[in-house]
Number of protein chains: 2
Amino acid sequence: MTLEYYSMPGFLIRRLHQISISVFEDKTRSAGFDLTPVQYSALNALEEYPSIDQKTLAGLIAHDRVTIGGVVDRLVSKGYAIRSVNPNDRRSKAHDITPSGRKLLAAIRPYVLEAQKTMLTGLTKQERKALMELMKKTVAEGNALSRAPLTELD
Amino acid sequence: MTLEYYSMPGFLIRRLHQISISVFEDKTRSAGFDLTPVQYSALNALEEYPSIDQKTLAGLIAHDRVTIGGVVDRLVSKGYAIRSVNPNDRRSKAHDITPSGRKLLAAIRPYVLEAQKTMLTGLTKQERKALMELMKKTVAEGNALSRAPLTELD
DNA sequence: CATTTTTATGTAGTATACTACCTTTTTCTT
DNA sequence: AAGAAAAAGGTAGTATACTACATAAAAATG
């Protein structure tokens with residue numbers, strides 16, 4: 001007997017997410033790294049955008065402000081990022097990746113890419129492409145529906 | 001300037017998940033309910049499978065054991081489920097939905113279904129169907145890759 | 001049948017992912 | 001320029017979603 005629940009979008013999406021997180025952890029941890037998906041995304045954004053504040057960083061990776069505060073705390077304590085007070089606006093903090101953070105990103109990237117392939121195991125190349133396009137469209141259309149929408153710069 | 005990160009499966013899946021959770025909360029809370037997606041799925045499974053233990057419940061909805069312990073705690077404290085010691089095996093607990101839980105499920109179901117549609121806003125009927133099929137396949141193929149695989153009964 | 005092993009659950013601890021509220025600093029209005 | 005409004009970040013609290021370890025009960029083994 002099968003639950004009708006198994007064919008609901010919400011269930012399939014959650015399962016996809018659990019698989020994604022798990023594969024990321026497997027691939028990176030077995031290669032000797034200790035970085036979560038969110039920490040990777042934050043560090044990746046800091047590499048691309050120097051000295052951004054916490055709110056901007058959160059928007060760039062579509063996370064809420066408070067979550068990112070903790071994520072950055074951990075990146076800082078691991079020595080991968082620096083948080084400093086912005087002298088122009090003493091309310092906000094400027095965030096930057098450290099050389100150690102850059103080195104980590106370069107080293108971990110191949111394993112992150114490998115994880116991306118593994119999590120779509122069992123799909124043909126065409127199916128993968130189709131899934132990606134559909135997810136992109138859904139995510140773009142539904143951006144405003146999430147608590148922490150993506151906010152790109154410019 | 002756009003991060004390449006935005007076209008990674010892992011990012012798209014996480015965004016999908018954030019949107020899904022958020023829409024579920026919006027639709028149900030605005031209708032006066034106070035139930036999370038996981039609580040809904042657990043209660044839904046308890047309605048279908050009477051007197052199952054915690055491990056079985058966790059497998060049926062693809063969650064890890066410990067998470068489900070807490071979820072059931074909250075269902076019990078809200079009066080939607082009952083946890084009793086299994087007299088045949090005093091290690092395990094039998095879980096059952098209460099009449100109040102059944103009433104809640106019947107009442108909330110329309111809003112849950114509405115949420116399922118809303119989270120795929122912007123897709124045509126065909127695209128929705130295609131996305132669902134691709135997600136189903138990915139989830140089935142990747143089931144063993146997650147920490148808490150789905151374990152159906154029989 | 002005593003001992004080992006396995007199994008179901010619980011506890012402690014960490015990391016997202018939020019809401020609600022508070023503080024500080026800046027900006028806007030009058 | 002004084003006071004109000006807005007904006008950035010922090011704190012407390014809740015709910016997933018895990019890992020690692022501990023406990024108690026049942027099953028398997030000699």
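Every chain is numbered from 1 and lettered A, B, ... according to where its sequence line falls, protein lines coming before strand lines. This structure is a prediction, so every number in the text was calculated from the model and none was measured.
- One interatomic measurement links the two molecules: CD of A:Glu25 to C1' of C:dA15, which rounds to 11 Å at whole-angstrom precision.
- Dashed line: the shortest gap from a side-chain N or O of A:His63 to OP1 or OP2 of C:dA17 is under 4.0 Å.
- Note that the CD atom of A:Gln18 and the CZ atom of A:Arg15 stand 4.5 Å from one another [nearest 0.5 Å].
- When the nucleotides C:dA12, C:dT24, D:dA17 are ranked by their closest atom to the side chain of B:Asp64, D:dA17 comes out on top.
- The nearest whole Å value for the distance from the CZ atom in A:Arg14 to the C1' atom in C:dT16 is 16 Å.
- The distance from atom CD1 of A:Ile19 to atom C1' of D:dA17 is 15 Å, rounded to the nearest whole Å.
- Set against C:dT19, C:dA15, C:dT7, the side chain of B:Arg91 has C:dT7 as its closest nucleotide.
- With DNA chain D read from its 5' end, the first of the two nearest nucleotides for B:Arg147 and B:Pro37 is the one closest to B:Pro37.
- Residue A:Ser92 is classed as a sugar-phosphate contact, given heavy-atom separations below 4.0 Å to backbone atoms only.
- Candidate nucleotides C:dG10, D:dG10, D:dA17 were compared by shortest atom distance to the side chain of B:Thr67, and D:dA17 ranks first.
- The side chain of A:Arg90 approaches C:dT25 more closely than any other nucleotide in the set C:dA8, C:dT25, D:dT11.
- A heavy atom lying under 4.0 Å from DNA chain C marks the following residues of residues 38-47 of chain A, by number: A:Val38, A:Gln39.
- Put simply, the side chain of B:Asp96 never gets that close to the backbone of B:Pro50: no donor and acceptor are under 3.5 Å apart.
- Relative to the side chain of B:Arg65, the nucleotides D:dC21, C:dT16, D:dA8 differ in distance, and D:dC21 lies closest.
- Using a 4.0 Å heavy-atom distance criterion, B:Asp89 is classed as a sugar-phosphate-only contact.
- Of the candidates C:dT9, D:dA17, D:dG10, D:dG10 carries the atom nearest the A:Gln54 side chain, counting heavy atoms from C-beta on.
- Judged by distance alone, with hydrogens and angles left aside, the side-chain atoms of A:Glu127 form no donor-acceptor pair with the main-chain N or O of B:Lys137 at under 3.5 Å.
- Checking the phosphate oxygens (OP1, OP2) of C:dT16, no side-chain nitrogen or oxygen of B:Gln18 falls inside 4.0 Å.
- Distance B:His17 NE2 to C:dC18 C1': 13 Å, rounded to the nearest Å.
- In this structure a side-chain-to-backbone donor-acceptor pair under 3.5 Å is missing from B:Arg83 to B:Gln54.
- Between the side chain of A:Asn143 and the backbone N or O of A:Leu150 there is at least one donor-acceptor pair closer than 3.5 Å.
- For B:Ile61 and D:dC18, the CD1 to C1' distance is 15 Å, given to the nearest whole Å.
- Put simply, NE2 on B:His95 is 13 Å from P on C:dA8, counting in whole angstrom units.
- The distance between atom CZ of A:Phe24 and atom C1' of C:dA15, rounded to the nearest whole Å, is 13 Å.
- A salt bridge links B:Asp26 to A:Arg147: at least one charged side-chain nitrogen sits closer than 4.0 Å to a carboxylate oxygen.
- Dashed line: the shortest gap from a side-chain N or O of B:Lys55 to OP1 or OP2 of C:dA8 is under 4.0 Å.
- B:Leu145 and A:Ile21 fall into different hydrophobic clusters, where Ile, Leu, Val, Met, Phe, Trp and Tyr residues are linked whenever their side-chain heavy atoms come under 4.5 Å apart, directly or through other members.
- Scanning residues 71-87 of chain B for heavy-atom distances under 4.0 Å to DNA chain D yields B:Val71, B:Arg74.
- Note that CZ of B:Arg14 and CG of B:Leu12 are 10.0 Å apart. Values are rounded to the nearest 0.5 Å.
- No option in B:Glu48, B:Lys103, B:Glu47 other than B:Glu47 meets the side-chain contact (heavy atoms from CB on, under 4.5 Å) test with B:Ile97.
- Under a 3.5 Å cut-off, the side chain of B:Thr98 and the backbone N or O of B:Gly79 do form a donor-acceptor pair.
- The separation between A:Asp34 atom CG and D:dT19 atom C1' is 13 Å, rounded to whole Å.
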